[in-house]
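Structure, as structure tokens:
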Amino acid sequence: TAILKGPEDKVNLSCSHTVSSYDTILWYQQSGQNTALKLIGYVRFTSPTVEDSVKGRFDVSGDAAANKMAYLHFPKVTEAEDSAVYFCAASEAQCFTIPSLLYKNPL
């Protein structure tokens, strides 16, 4: 779905799925300058997390456990790079108990 918004406008995107075992929904951004998918944040069960690099520009919320719904909020469109393609993805929630496995893959 294409959404046209101007500076200072609010934007809300929603995402849902029907896979019962998937309790995490992630949001990614793909800009015109960089085709790599950049992680914005995710909802794990009902707990939202936003990446440090985009805090204040985006918010995520939802219930990825019971309702299988997540939302991406732009409090206001302020930067040219906000014009992009946004993807959501669903995943099984993962818990690691080995500290060496707690890392992020750079994009």
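Hydrogens, waters and symmetry mates play no part in the numbers below; they use all other heavy atoms, side chains included. Positions are given from 1 along the sequence.
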Testing the basics here: between Arg44 and Thr24, what is the closest heavy-atom pair and its distance to 0.1 Å? CG-OG1, 3.6 Å
Report yes if the side chains of Leu26 and Ser91 come closer than 4.5 Å at any heavy-atom pair, otherwise no. yes
So, Tyr86 versus Tyr28, ring centres under 6.0 angstrom or not? no
side-chain contact (heavy atoms from CB on, under 4.5 Å) evaluation trace for Val11 with Lys76: CA-CA 7 Å; Val11 177; Lys76 59 183 178 179; over 6 Å; no
Quick one: closest heavy-atom pair of Gly56 and Pro75, and the distance? O-CG, 4.2 Å
Quick check for you: to the nearest 0.5 Å, what is the distance between Lys10 atom NZ and Phe74 atom CZ? 14.0 Å
Looking at Ile40, is its backbone amide N or carbonyl O close enough to the side chain of Glu51 to form a donor-acceptor pair, meaning the two atoms are under 3.5 Å apart? no
For a 4.5 angstrom cut-off between non-hydrogen side-chain atoms, does Phe58 reach Gln29? yes
Is there a path from Phe45 to Ile25 through hydrophobic residues (I, L, V, M, F, W, Y) whose side chains come within less than 4.5 Å of each other? no
Partner of Val60 under side chain to side chain contact (heavy atoms under 4.5 Å, CB included), chosen from Tyr71, Trp27, Tyr42: Trp27
Leu13, Val54: one ILVMFWY side-chain cluster at the under-4.5 Å cut-off? yes
Look at Lys68 together with Asp63 and state whether they make a salt bridge at an N to O cut-off of under 4.0 Å. no
Verdict with reasoning, Lys38 to Ser31, per side-chain contact (heavy atoms from CB on, under 4.5 Å): CA-CA 9 Å; Lys38 176 182 177 181; Ser31 65; over 6 Å; no
May I ask you to decide if the ring planes of His17 and Tyr22 are parallel, tilted or perpendicular, using 30° and 60° as cut-offs? tilted
How about Ser14 and Met69: do any of their side-chain heavy atoms sit closer than 4.5 Å? yes
With a 4.5 Å heavy-atom cut-off, do His73 and Ser61 have their side chains touching? yes
